[in-house]
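Hydrogens, waters and symmetry mates play no part in the numbers below; they use all other heavy atoms, side chains included. Numbering of residues begins at 1 and proceeds along the displayed sequence.
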Amino acid sequence: QVRLVESGGGLVQAGDSLRLSCAAPGRTFIGWGVGWFRQAPGKEREFVASINWSGTIVSYGDSVDGRFIISRDNAENTVSLRVNSLKPEDTAVYYCATRPNPSTSSSSSDYLYWGQGTRVTVSS
């Protein structure tokens with residue numbers, strides 16, 4: 001079992017930036033792909049970004065439109081999501097997920113372990 005912990009969410013204003021982090025206390029997800037998803041109130045979970053085991057391959061969901069940056073620090077065993085120029089429609093709970101596979105994936109069903117999420121609320 002791998003427990004993931006997200007942090008960095010909060011209440012911000014439109015145009016602000018946040019840095020979300022995903023950690024696996026007591027375990028490592030070095031060698032595994034990691035994804036970020038989000039779920040807005042009343043909507044289905046949506047793919048945001050994914051990164052491969054080495055950080056050399058990334059992919060983003062269509063809704064991100066170049067404003068988000070996913071990265072990882074394998075020495076620190078963390079994966080980050082930098083979210084820039086936030087919009088009210090970015091309001092959601094953001095989840096990180098991982099799986100024992102080194103590649104990226106945009107499909108939530110591919111991921112085995114999930115965190116509890118961190119809430120991001122963007123006011124206009």
Side-chain angles (χ1 to χ4, degrees):
Q1 187 72 16
V2 176
R3 182 172 71 95
L4 299 179
V5 179
E6 302 95 336
S7 61
L11 173 62
V12 297
Q13 294 186 334
D16 286 350
S17 299
L18 282 175
R19 185 181 183 88
L20 308 182
S21 293
C22 176
R27 287 290 303 268
T28 178
F29 46 44
I30 294 174
W32 294 8
V34 176
W36 281 94
F37 294 79
R38 68 183 181 183
Q39 188 164 18
K43 295 187 177 181
E44 294 186 352
R45 191 167 294 187
E46 174 186 38
F47 170 68
V48 175
S50 179
I51 190 166
N52 74 329
W53 71 277
S54 62
T56 56
I57 300 174
V58 298
S59 64
Y60 295 96
D62 293 338
S63 63
V64 167
D65 61 32
R67 297 180 293 117
F68 293 7
I69 301 172
I70 188 172
S71 61
R72 69 188 300 160
D73 185 338
N74 284 338
E76 296 292 329
N77 200 35
T78 58
V79 173
S80 297
L81 183 70
R82 176 74 177 178
V83 293
N84 299 313
S85 303
L86 281 159
K87 305 175 182 179
E89 51 264 44
D90 294 319
T91 294
V93 177
Y94 285 71
Y95 300 90
C96 70
T98 191
R99 59 184 187 147
N101 183 301
S103 63
T104 62
S105 175
S106 62
S107 175
S108 60
S109 61
D110 286 342
Y111 291 90
L112 188 59
Y113 303 107
W114 291 79
Q116 294 298 307
T118 185
R119 185 175 300 276
V120 174
T121 303
V122 185
S123 63
S124 57

Side chain to side chain, [X] and [Y], heavy atoms closer than 4.5 Å:
{"X": "Val120", "Y": "Leu20", "result": "yes"}
{"X": "Cys22", "Y": "Thr78", "result": "no"}
{"X": "Phe29", "Y": "Tyr113", "result": "no"}
{"X": "Pro100", "Y": "Leu112", "result": "yes"}
{"X": "Thr121", "Y": "Val12", "result": "no"}
{"X": "Pro25", "Y": "Arg3", "result": "yes"}

- Message: Can you list everything that forms a ring-ring contact (aromatic ring centres under 6.0 Å, His included) with Phe47? Sequence neighbours excluded, please.
- Response: Phe37
Can you name the nearest heavy-atom pair linking [X] to [Y], along with the distance?
{"X": "Ala24", "Y": "Val2", "answer": "CB-CG1, 4.2 Å"}
{"X": "Leu81", "Y": "Ala49", "answer": "CD1-CB, 4.1 Å"}
{"X": "Ser80", "Y": "Arg19", "answer": "OG-NH2, 3.5 Å"}
{"X": "Ser105", "Y": "Ser107", "answer": "OG-N, 3.2 Å"}
{"X": "Pro88", "Y": "Ala14", "answer": "CD-CB, 4.2 Å"}
{"X": "Ala97", "Y": "Leu4", "answer": "CA-CD1, 3.7 Å"}

Scan side-chain atoms only and decide if [X] and [Y] contain a donor-acceptor pair under the 3.5 Å cut-off.
{"X": "Thr56", "Y": "Asn52", "result": "yes"}
{"X": "Arg67", "Y": "Ser17", "result": "no"}
{"X": "Thr104", "Y": "Tyr60", "result": "no"}
{"X": "Glu46", "Y": "Ser63", "result": "yes"}
{"X": "Arg99", "Y": "Tyr111", "result": "no"}

- Cluster link Ile70 to Trp53, ILVMFWY, side chain under 4.5 Å: no
- Message: Are more than 12 heavy atoms, taken from residues, nucleotides or ligands other than Glu89, located less than 6.0 Å from that residue's CD atom?
- Response: yes
- Message: Can you confirm whether more than 12 heavy atoms, excluding those of Asp65, are under 6.0 Å from its CG atom?
- Response: yes
- Message: Against Trp36, only a single residue in Ile51, Val64, Val79 fulfils side-chain contact (heavy atoms from CB on, under 4.5 Å); can you say which?
- Response: Val79
- Message: One pair to check against side-chain contact (heavy atoms from CB on, under 4.5 Å): Arg38 and Asp90. What are the steps and the verdict?
- Response: CA-CA 9 Å; Arg38 68 183 181 183; Asp90 294 319; 2.9 Å; yes
- Is there a donor-acceptor contact under 3.5 Å from the side chain of Ser50 to the main chain of Gly35? no
- Please report the C-alpha distance between Tyr95 and Gln39 in whole Å, then the side-chain angles of each, then the deciding distance to 0.1 Å, and finally whether the side-chain contact (heavy atoms from CB on, under 4.5 Å) criterion is met. CA-CA 8 Å; Tyr95 300 90; Gln39 188 164 18; 4.2 Å; yes
- Item | Lys87/Asp16 ion pair, N-O < 4.0 Å | no
- For Trp114, is the NZ or CZ atom of Arg45 found under 6.0 angstrom from the centre of its six-membered ring and inside 45 degrees of the ring axis? yes
- Yes or no on side-chain contact (heavy atoms from CB on, under 4.5 Å) for Ile30 and Asn77, after CA distance, side-chain angles and deciding distance? CA-CA 7 Å; Ile30 294 174; Asn77 200 35; 4.0 Å; yes
- Report the distance from atom CZ of Phe68 to atom CG of Leu86, rounding to the nearest 0.5 Å. 6.0 Å
- Query: Where do Gln13 and Val122 land on the side-chain contact (heavy atoms from CB on, under 4.5 Å) test, with the steps shown first?
  - Reply: CA-CA 5 Å; Gln13 294 186 334; Val122 185; over 6 Å; no
